[in-house]
Amino acid sequence: MAIKHFLQVSDFTLDEYDYVMERARVIKRKFKNYEPYHPLVDRTLVMIFEKHSTRTRLSFEGGMQQLGGAAIYLNTRDSQLGRGEPVEDAAQVMSRMCDVIMIRTYGQEIVDRFAAHSRVPVINGLTNEHHPCQVLADVFTYIEHRGSLAGKTVSWIGDANNMLYSWLQAAQVFGFHLNVSTPKGYDLDVKLVDPHNKNYTLFVSPSDACEGSHLINTDVWTSMGYEQENAARLKAFDGWIVDGEKMRRAAPDALFMHCLPAHRGEEVAAEVIDGPQSVVWDEAENRLHVQKALLEYLVLGRVA
Ligand code: CP
Ligand code: NVA
């Protein structure tokens, strides 16, 4: 049987998302009721981190333990990956010793190469180009608060980064429209977007991109790995802050999301991230629940 990986949002069909989200709802309910649920006893998750993390590590490591399994943390500094062991060799070795692997790294091609040589499912825990686990949690969070995203308008205000490319794929899968506004010089790279994707519109003005929107989304102006561009980015992104004025252009019941960590006063005003339309803490918590459902699905297949 072919191994299923989760490297980009487009790797799953809508039917698979419907299944995983339903499992996430069940698994979340069990967690909230302190009901033990251990379908992954004797299974091991290996987590490879080549970049920093708080939420991703905590949600995968805690989530795997809550499912009855074990999680092992590796980073570039301590493992042979940092000393140049080929990704292909690492994939062969690691995937003989565990049941599922999560990787947070730089180029998407690294997770692609890793997955191509792995005997077990591989999960993208963030690359320069994609962050599918976060968007899985975000879509789940929207549905919890407002119901289906189909036919809705979502806005992306800020950098053309990993989160944006995952949201663009989500627009196609879940059938919503994405209004995108990125500053000049930090435009979307069309090579990273499916040419058949008709579910987005580019806006010069970030305020116009918020008009009538059901969900306003932003992220840091400088992602991990781009720190040397920070000063130039601070200048170029002037005007792209999500503030109360932009939120007022959106639909009255619009939500605000940010994958975190956030910089108040840069990409988002405190009044917005700490305001009543913000669901950022739910998004963060839901990483745990959706990733437990994802681990269950990738390791065991459909169980219900
Ligand atoms: N949102 C997110 O992935 O957070 P971490 O970088 O803390 O894992
Ligand atoms: N775009 C950010 C997301 C962090 C979770 C980054 O890649 O640093």
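Treat the numbers as computed from the prediction; the structure is a model and nothing was measured. Start at 1 and go down the list; that is how both ligands and their atoms are numbered.
Using a 4.0 Å cut-off between charged nitrogen and carboxylate oxygen, Lys4 and Glu16 count as a salt-bridge pair. A salt bridge links Lys32 with Glu285: the closest approach of a Lys/Arg side-chain nitrogen to an acidic carboxylate oxygen falls below 4.0 angstrom. The pair Glu283-Arg55 does not count as a salt bridge, with every side-chain nitrogen at least 4.0 angstrom from each carboxylate oxygen. Look at Glu50 and Arg104 and you find no salt bridge, because none of the NZ, NE, NH1 or NH2 atoms lies under 4.0 Å from a carboxylate O. Arg248 has no carboxylate O lying under 4.0 Å from a charged side-chain N of Glu245, or vice versa, which leaves the two without a salt bridge.
Summary of contacts: the protein heavy atom closest to atom 4 (O) of ligand 1 is Arg55 NE, 2.8 Å. The protein heavy-atom contact nearest to atom 7 (O) of ligand 2 is Asn162 ND2, 2.8 Å. When only non-hydrogen protein atoms are considered, atom 4 (C) of ligand 2 lies nearest to Leu126 CD1, 3.8 Å. For atom 3 (C) of ligand 2, the closest non-hydrogen atom on the protein side is Asp219 OD2, 3.6 Å. The protein heavy atom nearest to atom 6 (O) of ligand 1 is Arg104 NH1, 2.8 Å.
Some N or O of Cys259 is nearer than 3.5 Å to an N or O of ligand 1, by distance alone. No N or O atom of His131 sits closer than 3.5 Å to an N or O atom of ligand 2.
A ring-centre distance under 6.0 Å is not found for Phe31 and Tyr37. A ring-centre distance under 6.0 Å is found for Phe176 and Trp167.
Taking the ring centre of Tyr19 as origin, the terminal cationic atom of Arg302 falls inside the region bounded by 6.0 Å and 45° from the ring axis. Both tests pass for Lys51 against the ring of Tyr106: distance under 6.0 Å to the centre and angle within 45° of the axis.
Residue nearest to atom 8 (O) of ligand 1, selected from Asn162, Thr56, Asp138: Thr56 (by heavy-atom distance). Distances from atom 5 (C) of ligand 2 to the heavy atoms of Leu260, Thr54, Val220, Thr56 put Leu260 nearest. Within the set Thr54, Val220, Leu260, the minimum heavy-atom distance to atom 7 (O) of ligand 1 is found for Thr54. Comparing heavy-atom distances from atom 8 (O) of ligand 2 across His258, His130, Met224, Glu227 singles out Met224 as nearest.
Between Phe12 and Tyr297, the angle of the ring planes goes over 60°, which puts this pair in the perpendicular group of the 30/60° scheme.
For ligand 2, the atoms sitting less than 4.0 Å from at least one non-hydrogen atom of Asn161 are 1 (N), numbered in the order shown with element in parentheses. Near Arg287, with a cut-off below 4.0 Å to any heavy atom, the atoms of ligand 1 are 1 (N), 2 (C), 3 (O).
Only the side chain of Gln134 comes within contact range of ligand 1, with a heavy atom under 4.0 Å; no backbone atom does.
Within the structure, the closest approach of His131 to ligand 1 falls below 4.0 Å when heavy atoms are considered.
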